[in-house]
Every structure is written in C-alpha cells, then in structure tokens.
Participant: 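Below is one structure. I have some questions about it.
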Amino acid sequence: MHELGIVFYIIRDVKQAALEHAVSKVSGVVMNIGEVSTIIPGYLKDCWRWAADKEELLKGAELKINTIPAVTYCEDCHAEYGTVAHGKICPHCGSEHTYLLRGNEVEIKEIEVPNN
Amino acid sequence: MDPVKIIEIKKSVFANNDTDAENLRKELKTKGVFLLNLMSSPGSGKTTTLIRTIGLLKDRLRMAVMEADIDSDVDAIKIKEATGIESIQLHTGGMCHLDAEMTRQGLDNVSMDRLDLVILENVGNLVCPAEFDTGAVANAMILSVPEGTDKPLKYPLMFSICDVVIINKMDVLPYFDFDLEKCTEYIHMRNPKARVIPICAKTGEGVDAFADWLLEKVQDWKQQ
Ligand SMILES: Nc1nc2c(ncn2[C@@H]2O[C@H](COP(=O)(O)OP(=O)(O)OP(=O)(O)O)[C@@H](O)[C@H]2O)c(=O)[nH]1
Ligand SMILES: [Mg+2]
Ligand SMILES: [Zn+2]
Ligand SMILES: [Zn+2]
C-alpha cells in the first residue's frame, strides 16, 4: 500500500526535524495533502497510527490533514478552475492547454510539540 | 502559555528523495553507467521484454539487471537463466516502489566499473513508482493491450515522466477492444515527447525498435 511508504518518509523527516530542534516528544504532525495527490487521508491516518506508535518520539502523536483543493490554470483564457469538477479541459473556453496550479501536495506543514 | 509549540516545516515528503536522485544521476555520469528505470502494472511483460532486449544488445553493451520485487527471486533467476547476464534481486520489504536510496544500495551490489547499462525492473504498479525519482537516466514503461486504451488518462503522472512507452502483447489485439491510435493520442496529450513502440515480447516482434532506441540513448549519453 502506497500510504505506508509515505508514512515512513514522514516519520524520517519528523525525526530529523525533532533532532534539529532538540525536541524529544511530538504530539501532532500537520500535513498539507492536495486533493489530487493520490493519497487517501483515511489510509494515511491508519498507517500513521500503526507506524508512529512504534516510535518513542511519536507515540500517540496525532496526524492532522489539511486538504488543499486542486486548481487548474488555463493558458488560453487565463481562468482558474476546480480540477476535480472539470479535469483537464477548461470549462470556460474548452481548451486543453491547462496545467495544475496546486492540489498535488504531500507536504509536512508543521509539527506540534508539548510545551512544558 | 500555549499547551503546544508549533515548529514550521513546510517541506514536501518527496524533497529528500529528489535530492538523492540528482546525486545518484551525477554519480552514474561520473562512472559512465546508464540506468534505465522500467515500470508497468504487474504482468504487463517487463521481464519478457527485458529478456528479448538483452538478447539483442548483449554483444553491444555490458549490462546488468536489478529486479525489484516485494518479496521473491523469480524474475532475477529468470533473467540470469535466459540471458546469462548479471542479475540481482532487490527486496523492497513491503514497499510498493523503489526510491533513490534503495536504488543506490542496489547498485552497490552490481559490478559498476564493468558496465555500460543497468536496467531496473521496478515494482509492478502505475502509481507510486511515478512519484519517486529513482535517479535513473531514462524512464520507460510498458502498457499491455489487455489493460485498455484509457490508462494514460487514469495514470497521467506515470505517462508524463516516461521517455518511451512500449505497447506490449500486440498479438492479442484481435481479442480486445484496444485502440492503438487513440491510446497514442492520449499518451501524447500527457507527454508530447514520449516515443511509443508497439511490440510483442512473446515473439520478439518490434523489440528491435526499443533496443535501437535504448542503444542510441546510452551511446549519446556516454558521449555528452
Ligand atoms: N500473449 C502475450 N503474452 C505475453 C507477452 N509478453 C509477456 N506475456 C506473458 O505475460 C505474462 C507476464 O509476463 P512478465 O514478463 O512476467 O511480466 P512482468 O511485467 O515482468 O510481471 P511482474 O514482474 O510480475 O510485474 C507471462 O505469462 C508472459 O508470458 C506478449 O507479447 N504476448
Ligand atoms: Mg517481472
Ligand atoms: Zn480556458
Ligand atoms: Zn509506493
């Protein structure tokens, strides 16, 4: 399953960030996940629970998902439109000369650390 | 005081892999070894196509194959028995793709100083191998006739990163509603530069076009 692989990368990056900031406990990780990134948020959370609880640093830490709506840009009429509703073809002028502006993110936004 | 402190990261999960992949490409360039990453769905004919291709190129290039599988040695043994060339198995330990670091570790196990070309048979999957740059110099994929004409629309990322798309199992065309012309059009919508090569790996028909493409790529790259 794809999501488990992604979780291993998140854990690696969070561990590295924790080391850099001299943090010994993480209580939450906030992700930016694009609507068309192929990540299924529910699976990602399940995989996270399983893998994060094996790490002392991340035991019990919550994975929070911030969904980024996908937006496509049309080079011919310069309109921006929702990718999920309309796909590759511009709903304003019918052009195929379009590209994804955002919505493909698989990004660690921030890490939450207990303050004590 | 707030109960939690926030540390901003704002970093793509793929960022480290992209750096690793660039470094690996530089290393390959220094060593003069071309790495081809071959991808497809399970069973599209990667191993069969490789055996045919190696047969055609064996006298022109020094080659090795790395077979990535979740957990078996079947393909590596098949390649070795059919072609006699060096062939190793990489186990991904449950991961559905290879990343640049796993690829580099694999390359440590082949005789890099005696090779012109290493071919990596990636895990059978059209989704995540496209998202993880392995560090390969070129990407190739196989789409087989029974999978259907619409795959470039359903897996656009995979088709957009490949330098060549091989259409395999052309012998079964009469039994399926596969439309080669339409499929080529869809591929070029995603990737105007992709070379499309129809073959039948079972009989070897058309494989010479792919072998010629690969030989030319390797030679051009070595001269650059
Ligand atoms: N009819 C027909 N069958 C083919 C052709 N090429 C491969 N096959 C058959 O398709 C099946 C899968 O071929 P493989 O070469 O093992 O495919 P693969 O992509 O390496 O498979 P995995 O490594 O398991 O993902 C085998 O039974 C092959 O004999 C072809 O051109 N025509
Ligand atoms: Mg195979
Ligand atoms: Zn438009
Ligand atoms: Zn994967």
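By convention in this document, chain letters (A, B, ...) are assigned in the order of the sequence lines, proteins followed by strands, and residues within each chain are numbered from 1. Worth saying up front: this structure is predicted, and the values here are computed from it rather than measured.
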Participant: Tell me, out of A:Met31, A:Lys109, A:Glu112, who's got the most heavy-atom pairs with chain B below 4.5 Å.
Facilitator: A:Lys109
Participant: Do you know which two heavy atoms are closest between B:Glu8 and A:Glu110, and how far apart they sit?
Facilitator: CA-CB, 4.1 Å
Participant: Do you know which two heavy atoms are closest between A:Asp13 and B:Ser12, and how far apart they sit?
Facilitator: OD2-O, 4.3 Å
Participant: Check this for me: B:Glu181, atom CD, are more than 12 non-hydrogen atoms of other residues, nucleotides or ligands nearer than 6.0 Å?
Facilitator: no
Participant: To the nearest 0.5 angstrom, please state how far the CZ atom of B:Phe14 sits from the CD1 atom of A:Ile6.
Facilitator: 4.0 Å
Participant: Under a 3.5 Å threshold, yes or no: a donor from one side chain and an acceptor from the other, between B:Asn17 and A:Tyr9?
Facilitator: no
Participant: Pick one of side chain, backbone, both or neither for B:Val13, based on which atoms fall under 4.5 Å of a heavy atom in chain A.
Facilitator: both
Participant: Take atom NZ of B:Lys154 as the centre, draw a 6.0 Å sphere, and report whether it contains more than 12 heavy atoms from other residues, nucleotides or ligands.
Facilitator: no
Participant: Of the listed residues (B:Ile7, B:Asn125, B:Val4), which shares the most heavy-atom pairs with chain A below a 4.5 Å separation?
Facilitator: B:Ile7
Participant: Might you confirm whether atom NZ of B:Lys202 has over 12 heavy atoms from other residues, nucleotides or ligands at distances under 6.0 Å?
Facilitator: no
Participant: Between atom CD1 of B:Ile9 and atom CG of A:Asn32, what is the distance when rounded to the nearest 0.5 Å?
Facilitator: 12.0 Å
Participant: Can you tell me which portion of A:Val23 sits under 4.5 Å from chain B's heavy atoms? Options are side chain, backbone, both or neither.
Facilitator: side chain
